[in-house]
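If you scroll down you'll find the structure; I have some questions about it.
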Amino acid sequence: MVKIALLGAAGQIGTPLSLLCKASDLFDEIALYDVVHVPGIATDLMHIDTRASVTGHLPDDSGLRKAISGADIVVVTAGIARKPGMTRDDLFKTNASIIRDLFTEVAATCPNAVCCVVTNPVNSTVPVAAEALKKAGVFEPTRLFGITTLDVVRASTFAAHALGGNIDPKGFKVPVIGGHSGATILPLYSQAQPPVDLDKETLAGVIHRVQFGGDEIVRSKQGAGSATTCMAYAGFRFVKAIVASMNGDSVTEEAYVYLPGISGGQEIANELGVDYFAVKVTLGGTGATQALPIGRISENESKLLDVAIKDLKANIATGLEFMSA
């Protein structure tokens, strides 16, 4: 029996993610939580011919507690979306309060759940979630993830676009490390398998597109939203990896984690000078079992890494300062 709770399920990421979860047949129970609409979304989803029961919960009558009670996996997409001219940092004050309140209830109701944070700015909201769990004395770093899978998806997709010739993006494996906004995102094309054969100028353009792909969508939607369907796709990919690991498979995915709390992570944290960072992690039955070393990178990637770390330090500090106020 696997139960997943989706918090923010009426939003533009949460709704397609709910559909992907229901269609997958991976779950026995799917609990939806949001401030509006989720009872209707749950009823709608229950007309799909897969076995999962779907329930919708509103804030009244202890809805959040009911939604997450007994959950094995909690995915948080709740919060406001980015609009044109708005940075991820602009989102922080509103979304940090939402994350703090949700994870305070998670700590009290389902402290052993594997928790996945989609709510931006992930670089700062994951430290907020960690601090909320710490305050309750239940923080387990191996079970808290910031989902950066969209950056990995974009890295292979945009490389295929640049190469042309109807190449399958899934044929490329490109590690992406760092954070989940702008210059903190670092795709390691030097480690791509198979190699991505692009000239220096074209590759620089692809790297920039991976880093700022979210801006591309915000502009294209003209204020109507940000990355939603592709984020739901990427979030579901990570959720599938979590379920596979719970079923005994050894799976490796990138994720933004608290390095010192994961085997192999303290060494990476010491080397980089930051505690929160996206790296490849091996997933097991109860979450992350190993943080994998970054490995050899190119000279240009090393320069980009320095920039990423500088920005990340500020982002992490923002989250920690919010929780210490």
Side-chain angles (χ1 to χ4, degrees), residues 2 4 71-76 103 106-107 110-118 122-149 151-152 173-180 184-188 190-191 193 234-235 237-297 301-302 305 308-309 312-313 315-316 319-320:
V2 180
I4 186 168
D72 301 289
I73 303 169
V74 174
V75 182
V76 183
F103 274 87
V106 166
C110 59
N112 294 322
V114 172
C115 296
C116 305
V117 178
V118 174
V122 164
N123 296 353
S124 303
T125 55
V126 171
V128 169
E131 291 301 307
L133 295 169
K134 282 181 186 177
K135 286 188 175 182
V138 297
F139 180 45
E140 176 46 70
T142 61
R143 293 197 291 264
L144 177 64
F145 302 95
I147 296 186
T148 60
T149 313
D151 304 324
V152 181
K173 302 297 181 187
V174 185
V176 184
I177 62 171
H180 186 53
T184 69
I185 301 168
L186 178 51
L188 299 179
S190 67
Q191 297 180 13
Q193 292 295 328
R237 170 173 148 172
F238 190 80
V239 166
K240 280 196 298 183
I242 293 292
V243 174
S245 70
M246 288 178 169
N247 290 333
D249 296 342
S250 180
V251 185
T252 300
E253 286 281 350
E254 282 89 344
Y256 185 70
V257 295
Y258 179 68
L259 288 169
I262 299 171
S263 178
Q266 185 65 67
E267 293 82 356
I268 302 171
N270 291 344
E271 179 184 348
L272 299 176
V274 288
D275 285 345
Y276 290 89
F277 202 78
V279 293
K280 282 185 179 180
V281 293
T282 302
L283 303 173
T286 58
T289 58
Q290 186 79 22
L292 302 180
I294 293 169
R296 294 184 63 181
I297 61 177
E301 288 166 352
S302 183
L305 178 59
I309 290 171
L312 261 179
K313 285 180 177 178
N315 297 159
I316 294 164
L320 297 178

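Computed from a prediction, not measured in an experiment: that's the story for all the values here.
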Scan the side chains in residues 128-145 for donor-acceptor partners under 3.5 Å anywhere in the protein, sequence neighbours excluded, and list what turns up.
unit_1 : atom_1 : unit_2 : atom_2 : d
E131   : OE2    : K134   : NZ     : 3.1
K135   : NZ     : M323   : O      : 2.9
E140   : OE2    : T142   : N      : 3.2
E140   : OE2    : T142   : OG1    : 2.9
R143   : NE     : N112   : O      : 3.4
R143   : NH2    : N112   : OD1    : 3.3

* **Pairwise distance NZ(K173) to NZ(K280) - rounded to 0.5 angstrom** => 9.5 Å
* To do: State, with a plain yes or no, whether a side-chain heavy atom of I177 is found less than 4.5 Å away from one of L188.
  =>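 With C-beta onward as the side chain, the pair touches.
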* Within the side chain of T289, is there an N or O that forms a donor-acceptor pair under 3.5 Å with the backbone of T282? -> yes
* Taking all non-hydrogen atoms of both residues, which atom of V281 and which atom of A288 are closest, and how far apart? ->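 Here V281 and A288 meet closest at CB-CB, 4.5 Å.
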* Asked: Do you know the tightest heavy-atom contact between A71 and C110?
  ->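 Between these two residues, the closest heavy atoms are O-CB, 4.3 Å.
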* Structure fact -> For Y276, the ring pair (Phe, Tyr, Trp, His ring centres under 6.0 Å) test, sequence neighbours excluded, returns Y258
* Asked: Of all heavy-atom pairs between G179 and I185, which one has the smallest distance, and what is that distance?
  -> O-CG1, 3.6 Å
* To do: Can you spot which of V118, V126, D151, V117 makes a side-chain contact (heavy atoms from CB on, under 4.5 Å) with H180?
  =>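 Exactly one option meets the side-chain contact (heavy atoms from CB on, under 4.5 Å) with H180, and it is D151.
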* Does the side chain of T184 come under 3.5 Å of the side chain of N315 through a donor N or O and an acceptor N or O? ->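 Result is no, nothing qualifies.
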* Structure fact -> Minimal heavy-atom distance between F103 and C115, with the atoms involved, is CE2-CB, 3.7 Å
* To do: Supply the atom-to-atom distance R237 CZ to I147 CD1, rounded to the nearest 0.5 angstrom.
  =>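 Answer for the CZ-CD1 pair, R237 versus I147, is 11.5 Å.
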* Can you measure from CD1 (I268) to CG (D275) and round to the nearest 0.5 angstrom? =>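 Separation between the atoms: 12.0 Å.
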* Asked: Which heavy atom of I262 sits nearest a heavy atom of Q290, and at what distance?
  ->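 Nearest pair, atom of I262 first, then Q290: CG2-C, 3.9 Å.
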* Any donor-acceptor N/O pair, E253 side chain to A241 backbone, under 3.5 Å ->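 Absent.
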* To do: Taking all non-hydrogen atoms of both residues into account, name the closest pair between A291 and L259 and its distance.
  =>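 Nearest heavy atoms, A291 then L259: CB-CD2, 4.2 Å.
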* To do: Compare all side-chain heavy atoms of L272 with those of I294 and state whether any distance is below 4.5 angstrom.
  =>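 Yes; the side chains approach each other to less than 4.5 Å.
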